[in-house]
Amino acid sequence: MAAFKKLVFSGVQPTGNLHLGNYLGAIKRFVEMQERADCLYCVVDLHAITLWQNPAELRTQIREVTAAFIAAGIDPKRSIVFNQSQVPQHAELAWIFNCVARLGWLNRMTQFKDKAGKDRENASVGLYDYPVLMAADILAYRATHVPVGEDQKQHLELTRDIAQKFNTDFAESIEAHGHGEGFFPITEPLIGGPAARVMSLRDGTKKMSKSDPSDYSRINLTDDADAIAQKVRKAKTDPEPLPSEAAGLNGRPEADNLVGIFAALRGATREAVLAEYGGAQFSAFKGALVELAVESLSPLSAEMKRLVADPAHIDAVLADGSERAAAIAAPTLDAVKDIVGFVRRGR
Ligand code: AQP
């Protein structure tokens, strides 16, 4: 396999209120990755429309996700911040990958099953094809690393399968065009930390999610201090005090979730948190969690508010980022077209 330059790609859908799960599982880690590699962070609006979106709200949400990226600490001069629909290579590569991916692979995707629910016949074709577009998002840049929450693990495995199959199916042509042994990297998912899967505050067995009908199930990045305090205080728990070791969280999903959130906000491990709070009652621990969450999220939400008040600035960031993203993706697509055997202008 050829050596690939370390490059990070990840995306967030502009489909509603961003929540603590999106922040701790993804965006906070995007910020940290900037120290270690070149990064591209994408507002994946093509993914968003796999479920119907109100057009005016979609536009607002694209700007809000961009604002959240910047407010959290992503520097749009250093990293490339853009929205997917401004870079046509994503959709173009997705079509080519549609012809590489197998129906059987997509039939196994659990996110489609969850989101389509019982009314599968009525789901959009785009929702079914979502993981193929995600593979195109990543591989248009030949990204080597993708920080995501645990819910995206299966999609990342599909990306690896598509890269592998493309490399194998076109091995001779890849070699003939001077690309060595493999054209696409086998991308590494970066899933980890204490908040890889933040759970609902109402039910520790369900993922914290934008689409949960109960607003009390999640902490939104735009929630004020009062709302954060109310939601944490009402969060479901069990009657036992906190254990002193992480093994004591087994079978206690709600306790595990609150300790994981605390650890991720503090940049510590569950063990370190339990060393401090083991034996404490939830009432005391929740008080400390409210304080930490408000202290972490208030500046973020204030900065988001400031940024969304200037949509022209956000749009300029996205236009600049899209241009820089396309400058990387366009030569990849040209090479893919040559490898596949298309005739293209200028050749
Ligand atoms: N609960 C979570 N814990 C940790 N990480 C999470 N992510 C999402 N939920 C959690 C991560 O956030 C990134 C962006 O997610 P997305 O908006 O692109 O997709 P999503 O998974 O559809 O988000 P939601 O909030 O769960 O929305 P719905 O309600 O539509 O299902 C990804 O890296 C994701 O892993």
Side-chain angles (χ1 to χ4, degrees), residues 4-15 22 25-27 29-30 33 37-51 53 58 61-62 65-66 69 74 79-101 105-106 109 111-112 115 124-149 151-166 183-191 318 321-337:
F4 292 93
K5 181 174 165 268
K6 186 169 180 185
L7 191 71
V8 169
F9 176 94
S10 201
V12 173
Q13 294 191 78
T15 44
N22 299 130
I27 300 171
R29 298 171 63 234
F30 298 174
M33 290 307 300
D38 290 337
C39 302
L40 292 113
Y41 295 123
C42 185
V43 183
V44 288
D45 46 12
L46 296 179
H47 282 283
I49 62 162
T50 56
L51 297 171
Q53 304 294 324
L58 179 60
Q61 286 163 186
I62 291 169
V65 174
T66 312
F69 282 175
I74 294 171
S79 298
I80 298 179
V81 173
F82 69 109
N83 61 317
Q84 196 183 19
S85 62
Q86 292 206 57
V87 182
Q89 286 81 9
H90 290 242
E92 221 180 338
L93 186 58
W95 178 259
I96 295 171
F97 284 169
N98 276 334
C99 305
V100 174
W105 299 356
L106 286 183
M109 295 295 115
Q111 183 171 296
F112 173 74
K115 291 208 167 174
S124 75
V125 176
L127 187 67
Y128 184 74
D129 202 31
Y130 183 112
V132 176
L133 177 60
M134 182 164 155
D137 298 337
I138 296 163
L139 294 173
Y141 305 96
R142 301 208 278 171
T144 55
H145 294 82
V146 180
V148 276
D151 58 319
Q152 293 300 322
K153 188 166 183 262
Q154 195 185 34
H155 289 166
L156 259 298
E157 279 161 12
L158 189 101
T159 298
R160 291 161 65 91
D161 289 342
I162 289 175
Q164 189 89 59
K165 185 160 162 52
F166 183 92
F183 183 74
F184 287 118
I186 308 303
T187 305
E188 290 287 333
L190 300 173
I191 301 170
L318 292 173
S322 302
E323 212 171 294
R324 286 154 63 208
I328 305 172
T332 309
L333 258 292
D334 285 349
V336 168
K337 287 176 188 170

For [Y], does its backbone N or O pair with a side-chain atom of [X] as donor and acceptor, under 3.5 Å?
| X | Y | answer |
| --- | --- | --- |
| Thr187 | Thr144 | no |
| Arg324 | Val81 | no |
| Arg29 | Gly25 | yes |
| Gln53 | Ala48 | yes |

Q: Assess the pair Phe9 and Phe30: is the distance between their ring centroids shorter than 6.0 Å?
A: no

Q | Check: His90 ring centre within less than 6.0 Å of Tyr141 ring centre | A | yes

If you take all heavy atoms of [X] and [Y], which pair is closest and at what distance?
| X | Y | value |
| --- | --- | --- |
| Leu139 | Thr332 | O-CG2, 3.9 Å |
| Val132 | Ala101 | CG2-CB, 4.0 Å |
| Leu46 | Ser85 | CD2-CB, 3.9 Å |
| Gln154 | Met109 | OE1-CA, 3.3 Å |
| Leu333 | Leu93 | CD2-CB, 3.9 Å |
| Phe184 | Ala163 | CB-CB, 3.8 Å |

Q) Val43 and Gln84: side chain to side chain contact (heavy atoms under 4.5 Å, CB included), yes or no, with the steps? A) CA-CA 6 Å; Val43 183; Gln84 196 183 19; over 6 Å; no

With a 4.5 Å heavy-atom cut-off, do [X] and [Y] have their side chains touching?
| X | Y | answer |
| --- | --- | --- |
| Cys42 | Asp137 | no |
| Leu190 | Met33 | yes |
| Arg160 | Pro189 | yes |
| Phe97 | Lys165 | no |
| Ser79 | Leu40 | no |
| Phe166 | Val336 | yes |

(Q) Assess whether a salt bridge exists between Lys5 and Asp38, defined as any Lys/Arg side-chain N lying under 4.0 Å from an Asp/Glu carboxylate O. (A) yes

Q.
Once salt bridge (Lys or Arg N to Asp or Glu O under 4.0 Å) is applied, do any residues pair with Glu157, and if so which ones, sequence neighbours excluded?
A. Lys153

**Q.** Audit row: His47, Leu133, side chain to side chain contact (heavy atoms under 4.5 Å, CB included) steps and yes/no
**A.** CA-CA 8 Å; His47 282 283; Leu133 177 60; 3.6 Å; yes

Can you tell me how far [atom2] of [Y] sits from [atom1] of [X], rounded to the nearest 0.5 angstrom?
| X | Y | atom1 | atom2 | value |
| --- | --- | --- | --- | --- |
| Ile186 | Leu156 | CD1 | CG | 12.0 Å |
| Ser322 | Asn83 | OG | CG | 5.0 Å |
| Thr66 | Ile74 | OG1 | CD1 | 10.0 Å |
| Leu127 | Leu51 | CG | CG | 5.5 Å |

Q.
Pair His145, Leu7 - check side chain to side chain contact (heavy atoms under 4.5 Å, CB included), show working.
A. CA-CA 6 Å; His145 294 82; Leu7 191 71; over 6 Å; no

Q. Checking Arg142 against Phe183: charged group under 6.0 Å from the ring centre and within 45 degrees of the axis?
A. yes

Q.
Could you work out, with side chain to side chain donor-acceptor pair (under 3.5 Å) as the rule, every residue matching Tyr130, not counting sequence neighbours?
A. Gln13

Q) Does any donor atom in the side chain of Asp161 or Gln164 lie under 3.5 Å from an acceptor atom in the other side chain? A) no

Q: Starting from the C-alpha separation in whole Å, work towards a yes-or-no answer on side chain to side chain contact (heavy atoms under 4.5 Å, CB included) for Tyr41 and Ile80.
A: CA-CA 6 Å; Tyr41 295 123; Ile80 298 179; over 6 Å; no

